[in-house]
Amino acid sequence: MFLQNDEELNNLVTKICHLYEQISSLESLKPSKDVDTLFTQLVHTCIPPCPNIDLDNLPKRVQNIRSNLIRLCGQAEGLLETHFSTLLATYQYPLSHLNVFPYYTNYLKLGHLEYQILSRHLNQEPKHIAFVGSGPLPLTSIVLASNYLTKTSFHNYDIDPLANSKALALLSSDSDLSNRLVFKTTDIMDVTIDLREYDVVFLAALVGMDKEEKVKVIEHLAKYMAPGALLMLRSAHGARAFLYPVVDPDCDLGGFEVLSVFHPTDEVINSVVIARKYYDPMMLPGVNASSVDQQHVAAGVVGSPIILPNKCSHEVEAFNPLNIHANMIEELGFEEKLA
């Protein structure tokens with residue numbers, strides 16, 4: 001038993017650890033029947049609602065397994081995207097065949113959600129967006145640029161030159177996207193003054209594979225992004241935290257005002273966090289976010305901010321369904337739970 005007096009959670013963790021043992025014993029994480037089967041089982045295990053998981057209080061062995069599993073998931077995801085990016089490039093019009101990627105529908109749903117969240121906090125279409133960690137198959141930029149932000153320029157950052165070359169090849173038959181989607185091969189930690197030109201910065205879920213790495217990237221963005229610019233991050237909630245790193249809105253977003261946090265309950269894995277860089281130019285990284293914009297989404301009414309404590313708080317309460325996407329919950333962290 002991993003945890004006393006919580007049979008359901010113990011069973012869940014036991015199953016995840018068993019799948020980890022099988023995945024870690026694979027000779028390769030490249031797409032194959034065995035790889036696809038095991039990762040599909042893992043995702044299906046982690047998606048359903050589960051008992052609250054206090055990651056910090058899990059046994060050390062389980063915490064180590066979680067860290068290793070996130071890295072394995074990241075490697076497998078990278079190999080999967082590389083495989084399908086290479087396949088798509090063989091078509092005369094690659095963008096007409098994006099549905100061959102098995103998770104394309106998820107990206108369509110996530111792109112729609114992120115656009116709706118973003119549009120609530122912008123008065124006009126952004127001129128420049130940065131996507132950090134775009135990879136060989138930059139579906140978020142493609143979906144947003146094609147369907148929603150049709151005049152916006154997207155600068156896609158990835159440290160891997162091969163990933164960028166594969167991504168660029170997908171756009172060769174589309175003159176509009178070829179002009180508006182730019183790919184830059186560099187470590188985002190080396191980008192400073194240029195970050196000030198972006199109205200919005202997206203941070204991919206797998207940029208910063210553990211808490212320390214993730215926070216360092218966020219602190220860097222807080223230091224160099226333009227005051228008032230928006231940061232959109234992907235996180236994980238519940239058992240999904242065994243698949244992706246978690247961003248704690250109360251602790252990890254120093255220099256930013258947290259606006260909204262959304263936790264999906266369907267097949268879209270990642271949670272979405274949106275925050276605004278403080279306007280105060282003297283604000284230094286490491287200062288906790290101080291407010292959350294409470295929004296009554298279903299009623300279309302924007303409420304006044306709720307003041308958050310300047311401390312790490314794990315009391316996060318589900319607020320209301322997000323009417324723009326089925327099975328999506330908006331959550332707000334604050335000192336006193338709503339009655």
Side-chain angles (χ1 to χ4, degrees), residues 113-123 126-133 140 155 157 188-189 191-237 244-263 270-295 302-317 319 330-335:
L113 168 67
E114 289 179 327
Y115 170 72
Q116 293 291 340
I117 296 171
L118 185 62
S119 64
R120 288 164 48 193
H121 299 287
L122 286 173
N123 295 323
K127 292 182 179 180
H128 300 99
I129 286 179
F131 193 98
V132 181
T140 297
H155 288 187
Y157 288 88
I188 197 63
M189 299 296 286
V191 182
T192 55
I193 302 302
D194 286 351
L195 283 171
R196 295 184 67 84
E197 71 177 272
Y198 302 114
D199 306 299
V200 183
V201 175
F202 279 77
L203 184 62
L206 294 173
V207 175
M209 297 291 284
D210 59 31
K211 174 72 73 175
E212 183 178 350
E213 293 174 359
K214 181 78 73 175
V215 170
K216 284 182 178 179
V217 174
I218 292 171
E219 288 178 348
H220 180 77
L221 296 175
K223 183 176 182 180
Y224 290 106
M225 282 173 59
L230 296 176
L231 175 64
M232 296 201 71
L233 311 96
R234 291 170 182 173
S235 181
H237 185 64
Y244 288 101
V246 173
V247 176
D248 187 334
D250 298 322
C251 304
D252 300 340
L253 288 168
F256 292 93
E257 174 194 10
V258 178
L259 301 175
S260 296
V261 180
F262 293 87
H263 295 309
N270 292 120
S271 301
V272 179
V273 181
I274 183 169
R276 177 178 282 116
K277 168 74 179 292
Y278 279 117
Y279 283 96
D280 183 356
M282 301 303 294
M283 182 64 66
L284 297 174
V287 179
N288 288 327
S290 62
S291 65
V292 170
D293 183 15
Q294 178 184 358
Q295 303 202 22
V302 178
S304 26
I306 298 174
I307 302 302
L308 285 173
N310 284 323
K311 63 181 180 179
C312 292
S313 170
H314 296 288
E315 296 185 0
V316 180
E317 170 119 353
F319 185 60
E330 177 176 11
E331 294 197 351
L332 305 172
F334 50 97
E335 186 128 39

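In this chain, residues are counted from 1 in sequence order.
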If every non-hydrogen atom of [X] is compared with every non-hydrogen atom of [Y], which pair is closest and at what distance?
| X | Y | result |
| --- | --- | --- |
| Lys214 | Val207 | NZ-O, 2.9 Å |
| Tyr224 | Ile193 | CD2-N, 4.5 Å |
| Ser235 | Val273 | CB-CG2, 4.4 Å |

Between [Y] and [X], is there a side-chain heavy-atom distance shorter than 4.5 Å?
| X | Y | value |
| --- | --- | --- |
| Pro227 | Arg196 | yes |
| His121 | Ser260 | yes |
| Leu203 | Met232 | no |
| Leu233 | Asp252 | no |
| Val132 | Val201 | yes |

Main-chain N/O of Gly228 paired with Lys277 side-chain donor or acceptor, under 3.5 Å:
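Checking the backbone N and O of Gly228 against the side chain of Lys277, no donor-acceptor pair under 3.5 Å is found.
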
If only atom types and distance count, is the side chain of Asp199 paired as donor or acceptor with the main-chain N or O of His128 below 3.5 Å?
yes

I'd like to check the ring-ring contact (aromatic ring centres under 6.0 Å, His included) partners of Tyr198; sequence neighbours left out, ordered by chain and number.
His155

Return the set of residues passing ring-ring contact (aromatic ring centres under 6.0 Å, His included) with Phe202 (not counting sequence neighbours), or none when no residue passes.
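Checked Phe202 against ring-ring contact (aromatic ring centres under 6.0 Å, His included); matches are Phe131.
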
Using 4.0 Å as the upper bound for N to carboxylate O, is an ion pair formed by Lys211 and Asp248?
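Judged by the 4.0 Å cut-off on N to carboxylate O distance, Asp248 and Lys211 do not form a salt bridge.
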
Glu212 bridged to Lys216 by N-O distance under 4.0 Å
yes

Residue list, side-chain hydrogen bond (donor to acceptor under 3.5 Å, both in side chains) with Arg276, at least two apart or on another chain:
none

Partners meeting side-chain hydrogen bond (donor to acceptor under 3.5 Å, both in side chains) with Ser271 (sequence neighbours left out):
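Scan of Ser271 (side-chain hydrogen bond (donor to acceptor under 3.5 Å, both in side chains), adjacent residues dropped) gives His263.
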
Going by the rule salt bridge (Lys or Arg N to Asp or Glu O under 4.0 Å), which residues pair with Asp194 if we only count those two or more places apart in sequence or in a different chain?
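Expected list: none.
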
Sequence-distant partners of Glu197, salt bridge (Lys or Arg N to Asp or Glu O under 4.0 Å), two or more places apart
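With sequence neighbours excluded, Glu197 shows a salt bridge (Lys or Arg N to Asp or Glu O under 4.0 Å) to no residue whatsoever.
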
